[in-house]
Each structure stands twice: as structure tokens, then as C-alpha cells.
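Below is one structure, written out as C-alpha cells; comments come after it.
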Amino acid sequence: MKGFLFLSKLKNARTDPVSKLKYIFSIPVVISALGYFVDIYDLLLFGIVRIPSLKALGLNPDADGTFILNCQMVGLLIGGVFWGIFGDKKGRLSVLFGSILVYSLANIACGFLPYFPKEHLVYQYAGLRFIAGVGLAGELGAGITLVSESLPKNLRAIGTSVVAGFGLMGAVVAQLTVELAGGWNISYIIGGVMGILLLLLRISVSESGIYKNIEHKNVSKGNFLSFFTHKDRLIRYLKCIAVGLPTWFCIGILAVLANQFAPELGIKDLNPGKAIMWAYVGISVGDLLSGFISHALKSRKMAIFYMLLFTLVGVGIMLFGNTNTETRYYMFCVWLGLGTGYWAMFVTLAAEQFGTNIRNTATTTVPNMVRGLVPVMIFAFDLLKGNFSVIMSAALVGVVVFGLAFYSALTISETHDKDLEFIE
């Protein structure tokens, strides 16, 4: 009932600034933003503590680190499908509660890895990151779906940008926590405890009114296979995934693997944790701006197109310009972060492309398909390094990634001001 009343108020919302602020900072937006903050903290923590944690555990930071990262990303891929279907069948709130419990417990367990048996430790670490990945997969999609269905259509872009802009600061806090906590394992425990505390706040959140309208209707809900049985729906789905690929190309290769670029760029050393932190400083600002850019242009796709263009220029200068100091590399990480700060816009675009009965499935699986393709990008990057330099290998992967993203952004259907009360 609360969901119906809230939705009714939003549909009849006045257009004055005070009313707009009231809806933009409503409970669904605030709680989703806090949830995404914890989600990003826990998601990127392994990338930040990869080197110190693996060295402390007697493991190889590169070979074992890549294996563990890939396990986490595969977990995200599988979890995306599971939580997406679950959210359409059982409601958006069920995902917000269930997913955060799973990844919080997994992260707390990671904090106790130094006390685990030393035999097969790499597989234990990888298993915990896989479980964390499964849990982390549900947070963003369910949050963006809930916010998209709760806000008036003229405020959706700004509302979801607030969620992502604040939430992405979790990466910055993760890096600072690692530096101040006194141990990488303490940072894992802190992240898990934050997640558990967040569960208490979520009691005040109401289910989406739009979802409640179909909750008891005899319609197919959460049918993941339906994306592959209808040509138009499949094309929309694949384009949504392609639009987001450059975001994780920049993070997964240029930031997480920053230390591999140091020798060729003539830099003594690069700290992947700092590269991730500075990239997410940029992403947080970019995500806040992307909603206002889309609002001003009255177009999701053109906002994403211009941000992609800005990112591509930054990647080119970063790899082939005179990036020969640690400071300059981190400055370019901020640049790429600003450009790829359309993450919330891209997830919102996915939410708006599909009907209520499969919306959460789309919004949850699309970003996790992008994350799940990180191992493929890293595999291609490592394969190319056998014949090309590190810089050229990254550039060749980038050409494919950006090519697909530009094509998809320009050809996908526009969803600005689209009414979301429909089913597939």
C-alpha cells in the first residue's frame, strides 16, 4: 500500500525546486545510494588489496591475483542472472536484503583468511571472492530499478545519478580504509560490518508501486531466456551490454593492472589501489554530472555518446602521450573516471528498455554481464602481450570495446521520459 501511495504522490509531483529535491532525496534514493556505496567498497576492495594481501598470504600477486579476480567476476555474472530473476519474481526489496547479506558475510570471512589453513589457500580466497561476487551482483540492478520505478520520469536520470555518484565514493573510502586500518584483512571486516548495518536501514524502504501493480497478475516474470527468444529484445539487450564495456575496460585493465604499464611508460612504480581510487573519484563526479547532462540534452544516448568520446580521447593520450610520471597516470585515471561516469545512466537505460516483468532481470544482468566480460578482456589483453607491447595490447582491446560501445549508443532506442508502466 505504501508503494501505491508513494507512486501516486510522485506522479502528481509539482515542478518547483523544493518538490524536486524532496523526491530526488527520498528514502528509496538515499537507501539505494548507501547500498551502492557499500557495494562498490566491497566490489573493488580485492583490486585495492590484491598485491599486499596475496604477498602476505604467500601467493603470486599477478597469476593468482588474476585467477581470483576472474572468479569474482564470474560470480558477478552468475549472481546477476540469479538476483535479476529473483527480483522480478519476488520483488526488488528481496534482492536488496538477500544480496547484501551474502556479500557482507563473504567479505567478513575474507578478513580471517590469514587464519585459514595454508594448503589450497588460493582456492579458498577465490571461493570467497566468487561468493562475494554472487552477492554483489544484485545490489545495483535492484537499487536502480527501484529508484527508476519510484521517481517521476522527468527526475529518473538525476535520481539514479545521485545513487551512483554517492555510491561510487565507496571506492575512495575503500582505499583510504586500507591505508588507515592497519591491515588489508581489517578492511574486509569493516566492509562486511557496514553491509550488515545497512540491512537495518532497509527496513524503512517500501516496494516499488509499479511492481506491485503486476505482482499478482498472471504474467511471466523474470524469464531470463526471453531475452534470447525475441530478435528485437535480444538486440536491445546486447546493445545495453556493449554500451557499458568501456567502463570496465578502463577499470579492469588500465586501473587494476596499472602496475603492468609502469615499465613501458618509464614510471618507477604504479599502485593499482591508488589508480582505482583516483578513477573512482572521477567516476563519482561523472555519474553526478551524467544525469544532469542527459536531463539537459533530453537524451540518454547522446549523453552517453559524448562521455564515451571524452573517455576515448583520454585513453589515447594516456597510452600514447607523455605519461611518464606516477602523478600523470593518476590524473588520467581521473579523466577516464569522469568519462566513464555514465555507469548509472547506462544501467538506467537498461531499466527503461524493458517491461516491468523482466526489468529487474535486465537491470541486474546487464551491468554484471559487463563485469563478467572483464576476464575475456583480460584474457585478450594477456594473449596479445605475446606479440605486442603492453600498451599496444591494451589499445587493441580498447578499439574493439569502444567500437561496440559507440555503435550501440548511437543505434539503441531513446528512452528519455519513457513511461515505465508496461510489460513485455
Side-chain angles (χ1 to χ4, degrees), residues 73-89 92 95 134 137-138 140-142 144-145 148-149 156 160 210-211 214 217-249 299-305 308 342-377 379-380 397 399-424:
M73 292 304 177
V74 171
L76 285 162
L77 187 62
I78 294 172
V81 176
F82 172 76
W83 293 116
I85 295 171
F86 197 76
D88 278 325
K89 288 184 177 294
R92 296 19 173 161
V95 176
V134 171
L140 177 63
I144 293 294
T145 302
S148 296
E149 292 179 342
R156 282 199 303 257
T160 54
I210 289 179
Y211 176 76
I214 70 156
K217 286 185 177 180
N218 186 27
V219 295
S220 175
K221 304 184 190 77
N223 184 357
F224 179 64
L225 294 179
S226 68
F227 292 112
F228 306 95
T229 57
H230 187 278
K231 182 179 178 181
D232 174 66
R233 195 178 299 138
L234 175 62
I235 291 172
R236 278 183 281 151
Y237 188 68
L238 293 177
K239 285 182 178 179
C240 285
I241 294 170
V243 165
L245 289 177
T247 60
W248 272 91
F249 165 76
S299 172
R300 303 280 188 261
K301 55 193 290 184
M302 293 313 297
I304 292 172
F305 172 79
L308 275 172
Y342 64 86
W343 182 252
M345 190 59 51
F346 132 78
V347 180
T348 305
L349 181 70
E352 295 169 337
Q353 291 286 330
F354 301 97
T356 307
N357 56 319
I358 58 170
R359 182 169 296 127
N360 193 77
T361 304
T363 312
T364 305
T365 57
V366 164
N368 289 302
M369 288 289 180
V370 174
R371 291 164 171 169
L373 286 170
V374 171
V376 177
M377 288 188 270
F379 174 77
V397 175
V399 167
V400 176
V401 165
F402 276 90
L404 290 171
F406 274 115
Y407 170 77
S408 299
L410 290 173
T411 57
I412 200 167
S413 59
E414 182 59 69
T415 57
H416 180 76
D417 280 348
K418 184 177 181 178
D419 187 355
L420 296 188
E421 206 155 358
F422 68 98
I423 61 174
E424 295 283 338

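Along the sequence shown, residues carry numbers from 1.
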Return yes if some donor-acceptor pair links the side-chain N/O of R359 with the main-chain N/O of L420 below 3.5 Å, else return no.
yes
Validation row: K221, I358 side chains within 4.5 angstrom (heavy atoms)
no
Do you know the tightest heavy-atom contact between A409 and I304?
CB-CG2, 4.2 Å
Identify the heavy atoms of E421 and D419 that sit nearest to each other, and give their distance.
N-OD1, 3.1 Å
With the side chain counted from C-beta on, respond yes when W343 and P367 share a heavy-atom pair under 4.5 Å apart, and no when they do not.
yes
Okay, side chain of R92, backbone of G87: is any donor-acceptor separation there less than 3.5 Å?
yes
Residue pair E352 / S148, side-chain heavy-atom distance below 4.5 Å
no
Is there a donor-acceptor contact under 3.5 Å from the side chain of Y211 to the main chain of D88?
yes
Would you say the side-chain atoms of T363 pair up with the backbone N or O of G141, donor to acceptor, closer than 3.5 Å?
no
Just by modelled atom types, is the S299 backbone N or O under 3.5 Å from a matching donor or acceptor in the E414 side chain?
no
L234 side chain near K231 side chain, heavy-atom distance below 4.5 Å
no
Go through the side-chain N and O atoms of T415 and Q353 and say whether any donor and acceptor fall under 3.5 Å apart.
no
So with a 6.0 Å cut-off around CZ of F422, is the heavy-atom count from everything else above 12?
yes
Is any side-chain heavy atom of R236 closer than 4.5 Å to one of D232?
yes
To check you understand the geometry: which heavy-atom pair defines the closest contact between C240 and I412, and what is its length?
SG-CD1, 3.8 Å
Do N223 and T229 make a side-chain contact, defined as non-hydrogen atoms from C-beta onward lying under 4.5 Å apart?
no
Looking at Y407, I'd like to know if its OH atom is crowded, meaning that more than 12 non-hydrogen atoms belonging to other residues, nucleotides or ligands lie closer than 6.0 Å.
no
Looking at W83 and V134, would you say the former's side chain and the latter's main chain have a donor-acceptor pair under 3.5 Å?
yes
I need the minimum non-hydrogen distance between T365 and Y237, along with the two atoms involved.
OG1-OH, 2.8 Å
Taking all atoms of both residues into account, what is the closest heavy-atom pair of A362 and A350, and its distance?
CB-O, 4.3 Å
Any non-hydrogen side-chain atom of Y342 less than 4.5 Å from a side-chain atom of L349?
no
Mark yes or no for whether R300, through its side chain, and T348, through its backbone, hold a donor-acceptor pair below 3.5 Å.
no
Locate the shortest heavy-atom distance separating N357 from S220; write the atom from each residue and the value.
ND2-O, 2.9 Å
